[in-house]
Amino acid sequence: MSRSIPPHRPLVVPGVHGYTRSKTVHAGEPIDIHISSDRPYHLSVCRLGPDPDSRREDTVVADLGASPARVQPIHPGSYIHVERGLPAALPLSGLTLECWVMPWRSTGERQALITQYDAPGHCGFGLFIEADGALALYLGDGGLQSENGLHVAQGLATRRWQHVVATWDGRSAALWIDGACAGHWPRSGPVCPGAAPLRLGAAGHAHGVEALADVDLALPVIYERALSGDEIAARAAQRALRLPVDPAVRACWPLREGRGNAVVDTSGHQRAGRIVNHGTWMVRGPAFDDAADEAQDAFDPHGQRQGLRLASDDLYDCRWTATHSLTLPSDARPGLHVARLRFDWEGQEAVYDITFLVKRPAGARPAPLLVLCAMSSWLAYAATPFARNQVEDPVWPRRSTGLPNSHPQAPAFCSYTYHQAGQPSYFTGLRMPWPNASPAALYDPVGSGFSQWTRLERRLHAWLEREGYEFDLLADLDVHADPDLLAAYRTVVVNGHSEYWSTPVVDGFDALLRRGGQALVLSGNTMYLRVSFDDDMGVMEQRKNDARGADPAEAGSRPPAGPFGEEFHSQDWARGGQLRAVGRSAASIIGLETAGWGFADAEDFGVYHVAEPEHPLFNHPHRLGLERGQTFGHAPGGGLPRAIGHEWDLSAATLTRMTLDTPPGVTLPEPPTGLSVVAQGIRRVPGALDTYLDWHSRVTDSLEGLSAEMIYWERPQGGRVFHAGAVGAAWVVGRDPVFDGLLRNVLHHFGCDPL
């Protein structure tokens with residue numbers, strides 16, 4: 001089980017929820033299953049079968065039988081825990097609590113900033129934001145909570161850095177905001193810290209930590225004296241750029257680490273802290289300058305990104321005890337599997353599937369073909385991990401805003417939604433439920449039958465098995481952990497909605513092609529955004545941020561994003577966002593680049609139109625008999641499924657034609673040599689949510705509905721690529737005889753034939 005945390009307010013989420021310790025596992029290895037359920041259930045482990053739209057043909061690998069209800073609470077909320085507080089029983093001669101704070105939206109509860117305070121019996125001191133947004137100071141004798149110990153001043157502004165200070169000189173207390181006194185009160189002693197830990201962003205209660213803060217915090221300091229008004233004004237003017245030099249300092253946390261869970265104390269009093277539930281480094285600090293050079297280093301000399309963001313719903317590891325453990329047979333067939341729970345839900349049988357991948361046994365001979373599962377993208381879309389259970393196949397809303405939550409305070413953020421108080425979301429935990437990865441999950445538009453994640457990618461897996469191809473499955477997470485895995489393969493398939501890639505995976509994939517390898521890309525919006533992972537592969541990071549001077553009118557066409565200046569990852573201190581912005585353009589590696597999206601209605605999906613009917617891929621070894629302009633990539637008769645929808649990719653040459661304006665100093669790419677557009681994906685009728693992007697990812701007009709291009713590219717730098725250019729490409733596999741024939745030809749061309 002993951003590292004334990006100090007006592008923390010528990011939150012019980014109703015229903016049935018679970019995850020596996022690992023997202024992928026080799027045959028012959030153990031898999032741990034972590035479940036919280038408020039009702040009895042029956043558990044089996046199944047290999048997903050040949051029908052992506054049904055569970056009927058799934059194979060039961062192990063039947064673990066009936067299990068009783070067992071509820072495991074979650075403990076959301078990030079803060080800094082400092083075990084070594086000020087001496088509990090020693091009366092203070094004076095006190096100053098200082099920090100820079102940017103509150104987010106109020107959640108209607110008290111929020112703690114700096115405390116040594118465990119209610120109700122060990123209440124020393126605390127700097128708080130009250131439920132109505134007012135700044136408040138509590139001074140006590142370290143014992144029972146006293147109503148007379150609380151002093152309340154004026155409210156703080158939201159989403160703006162403010163310098164806040166509380167002082168006590170033995171006779172009176174005062175609160176200060178941005179160098180100005182916001183209130184003062186008579187308060188004689190004694191003031192004792194009490195037997196409680198120091199905490200930043202939280203306070204204690206009998207049931208554990210509470211008063212969790214939704215704030216950005218910078219340079220908190222504790223002095224054992226009262227600073228004067230002039231000293232406070234001077235500190236405010238320094239914008240948190242200078243550490244205090246004062247013998248009365250008893251703790252000082254510069255919050256300049258930028259990564260990790262350890263927080264340094266520079267006072268010399270050994271009050272180092274530990275971040276509980278991760279938090280967010282690399283945020284815009286009080287001294288951030290919007291006009292600063294966008295290309296500056298992540299750590300510049302001016303403290304631009306000094307501080308830590310806390311959220312009352314931060315959670316990236318449930319820390320649940322493993323309820324079941326199973327060692328998979330060494331001869332288990334590789335493939336997508338689920339831990340399948342069946343239980344009663346409102347008088348009907350419901351099913352909850354926990355998806356994981358079984359790989360070939362470690363050291364086994366690799367197959368001729370490797371298919372990658374886009375698990376990084378599954379994680380990025382993992383909204384509402386504690387979604388309310390339901391019987392029918394769930395349809396996830398566009399941009400993955402999530403299903404109804406099982407508890408109003410349960411975390412519900414992902415890469416496409418914000419935290420409850422409005423903070424941008426940059427992280428996803430791998431030791432959390434991900435119900436969106438269920439093989440039953442559908443995606444908007446409602447009624448279309450479209451899906452992404454597991455259900456979409458299974459269509460190719462089922463087709464390859466049915467056709468007799470030998471192939472291996474790996475997740476992109478596996479390749480991130482060991483990019484050398486790709487060296488064992490000559491042909492690799494990228495499948496589904498493979499949007500999020502880490503730098504090691506991109507570089508390993510490019511190296512495969514440079515060695516003469518081959519890529520078959522049945523994806524759209526491919527290789528678009530960069531992710532990174534912490535050292536134990538427990539947390540994934542991505543950063544979507546607004547550009548400097550972003551046009552608010554275009555906000556509706558962009559995914560939810562953080563503010564300009566927060567684009568550097570805390571995992572590796574490298575720039576995030578689009579891979580193209582960090583020198584790894586998908587067009588330069590796999591020939592196409594993200595070009596837009598549209599998924600308002602089922603009828604928004606378009607089809608391919610043949611551009612080069614004589615191309616060998618349409619004629620050898622199976623002649624498909626196509627003519628120029630003929631359509632394919634759709635069900636017989638032109639109905640759904642249709643391939644060109646949701647999101648799509650175009651060549652650099654086409655994107656250049658769609659680019660009407662280029663910023664000064666920026667050059668457009670030269671079209672690559674050796675690239676052939678064999679078909680065009682066209683959507684004749686515009687949809688209500690259509691967005692077309694130019695080379696700079698700015699909104700532009702389409703070229704008469706041209707949305708995707710299907711290409712074959714013999715790269716000058718080595719390697720061959722077939723790219724279908726649309727998320728919906730895998731949707732039509734097994735439903736369109738022409739597309740299936742094309743796949744057979746491409747695989748043959750790449751040296752992969754059925755057994």
Does N495 use its side chain to pair, donor to acceptor, with the backbone of V371 at less than 3.5 Å?
no
Minimum heavy-atom distance D546-A561, with the two atoms named:
OD1-CB, 3.6 Å
Any side-chain heavy atom of I74 sitting closer than 4.5 Å to one from W320?
yes
Compare all side-chain heavy atoms of L341 with those of I354 and state whether any distance is below 4.5 angstrom.
yes
All heavy atoms of L512 vs all of Y489, minimum pair found to be CD1-O, 3.0 Å
Relative to each other, are the rings of Y352 and H17 parallel, tilted or perpendicular (30° and 60° limits)?
perpendicular
Can any side-chain N or O of R340 pair as donor or acceptor with the backbone N or O of C46 at less than 3.5 Å?
no
Is the shortest heavy-atom distance from the side chain of Y79 to the side chain of P6 under 4.5 Å?
yes
With a 4.5 Å heavy-atom cut-off, do Y426 and M282 have their side chains touching?
no
Report the C-alpha separation of T158 and S106 in whole Å, then their side-chain angles, then the decisive distance to 0.1 Å, and conclude whether the side-chain contact (heavy atoms from CB on, under 4.5 Å) test is met.
CA-CA 8 Å; T158 58; S106 173; over 6 Å; no
Any idea how F533 and H480 line up, ring-wise: parallel (<30°), tilted (30 to 60°), or perpendicular (>60°)?
tilted
Listed partners of S67 passing side-chain contact (heavy atoms from CB on, under 4.5 Å), at least two apart
Y41, H324
Could you pull out all residues at least two apart from P483 that satisfy side-chain contact (heavy atoms from CB on, under 4.5 Å)?
P504
Determine yes or no for a side-chain-to-main-chain donor-acceptor pair under 3.5 angstrom, with Y416 supplying the side chain and A383 the backbone.
no
Can a donor-acceptor pair be found, under 3.5 Å and without considering hydrogens, that links the side chain of S415 to the backbone of S425?
no
Considering only heavy atoms from C-beta outward, does the side chain of I589 approach that of L579 to under 4.5 Å?
no
Any donor-acceptor pair under 3.5 Å linking the side chain of E593 with the backbone of A586?
yes
Test your reading of the model: is there a side-chain donor-acceptor pair from D265 to the backbone of W253, 3.5 Å cut-off?
no
Donor-acceptor under 3.5 Å (S406 side chain, F386 main chain)
yes
If you apply the rule side-chain contact (heavy atoms from CB on, under 4.5 Å), what do you find for T594 with L529, and how did you get there?
CA-CA 10 Å; T594 291; L529 293 168; over 6 Å; no
So, for V264 and P254, which heavy atoms are closest and what is the spacing to 0.1 Å?
O-CD, 3.6 Å
Among all residues two or more places apart in sequence or in another chain, which pass the side-chain hydrogen bond (donor to acceptor under 3.5 Å, both in side chains) test with S498?
W501
Between D649 and S523 the two heavy atoms that sit nearest each other are OD2-O, 4.0 Å
E109 vs R9, salt bridge (charged side-chain N to carboxylate O under 4.0 Å, His left out): CA-CA, chis, key distance, verdict:
CA-CA 14 Å; E109 296 186 4; R9 178 178 62 185; 3.4 Å; yes
Would you check if there is a donor-acceptor pair between the side chains of E647 and Y528 at a distance under 3.5 Å?
no
For V539, is there any backbone N or O sitting under 3.5 Å from a side-chain donor or acceptor partner on D534?
yes
May I ask you to say whether R575 pairs ionically with E567, meaning some side-chain N is under 4.0 Å from a carboxylate O?
yes
Scanning both residues in full, the closest heavy-atom pair of T327 with G28 reads CG2-O, 3.7 Å
Mind checking what makes side-chain hydrogen bond (donor to acceptor under 3.5 Å, both in side chains) contact with K359, not counting sequence neighbours?
T24, D478
How would you list all residue pairs meeting side chain to side chain donor-acceptor pair (under 3.5 Å) that involve residues 209-219, not counting sequence neighbours?
W104-D216, H207-E210, D214-S312, D214-Q423, D216-R309
Please list, chain by chain and in numerical order, all residues satisfying side-chain contact (heavy atoms from CB on, under 4.5 Å) with A218, sequence neighbours excluded.
W100, W161, P286
Mark yes or no for whether N389, through its side chain, and V16, through its backbone, hold a donor-acceptor pair below 3.5 Å.
yes
Roughly how far, to the nearest 0.5 Å, is CG of L200 from CG of L113?
9.0 Å
At their closest point, which heavy atom of L473 faces which heavy atom of C373, and how far apart are they?
CD2-SG, 4.1 Å
Working to the nearest 0.5 angstrom, can you tell me the gap between I31 CD1 and S325 OG?
8.5 Å
If you define the side chain from C-beta out and look only at heavy atoms, does anything of Q452 sit under 4.5 Å from S377?
no
Quick one: do Y418 and R105 satisfy side-chain contact (heavy atoms from CB on, under 4.5 Å)? Show the steps, please.
CA-CA 11 Å; Y418 295 103; R105 184 174 64 244; over 6 Å; no
Listing request: all salt bridge (charged side-chain N to carboxylate O under 4.0 Å, His left out) pairs with a residue in residues 27-37, at least two apart in sequence or in separate chains.
none
Tell me whether D535 at atom CG has more than 12 heavy atoms from other residues, nucleotides or ligands lying less than 6.0 Å away.
no
Of all pairs that satisfy side chain to side chain donor-acceptor pair (under 3.5 Å), the ones with a partner from residues 277-286, not counting sequence neighbours
N277-R319, R284-D290
Is any side-chain heavy atom of D314 less than 4.5 Å from a side-chain heavy atom of H419?
yes
Identify, with sequence neighbours excluded, every residue that meets side-chain hydrogen bond (donor to acceptor under 3.5 Å, both in side chains) alongside R584.
D507
Would you call the rings of H646 and Y443 parallel, tilted or perpendicular, taking 30° and 60° as the class edges?
perpendicular
Parallel, tilted or perpendicular for F564 and F288, by the 30°/60° rule?
perpendicular
With salt bridge (charged side-chain N to carboxylate O under 4.0 Å, His left out) as the rule and sequence neighbours excluded, what pairs involving residues 372-388 come up?
E346-R388
Less than 4.0 Å between a side-chain N and a carboxylate O, is that true for D118 and R199?
yes
Not counting sequence neighbours, which residues clear side-chain contact (heavy atoms from CB on, under 4.5 Å) with T454? List them please.
L48, L336, T355, W378, A437, P439, R458
Determine whether H569 and Q571 satisfy the following criterion, side chain to side chain donor-acceptor pair (under 3.5 Å), listing intermediate values before the conclusion.
CA-CA 5 Å; H569 283 218; Q571 313 281 26; over 6 Å; no
Can you name the ring-ring contact (aromatic ring centres under 6.0 Å, His included) partners of F128, sequence neighbours left out?
Y117
Do P10 and H75 come close enough that some side-chain heavy atom pair is under 4.5 Å?
yes
Is there a side-chain contact (heavy atoms from CB on, under 4.5 Å) between V505 and V531? Walk through the geometry before answering.
CA-CA 10 Å; V505 177; V531 296; over 6 Å; no
Could you tell me whether the side chain of H337 and the main chain of G335 form a donor-acceptor pair under 3.5 Å?
yes
Below 30° counts as parallel, above 60° as perpendicular, anything between as tilted: where do the rings of F427 and Y316 land?
perpendicular
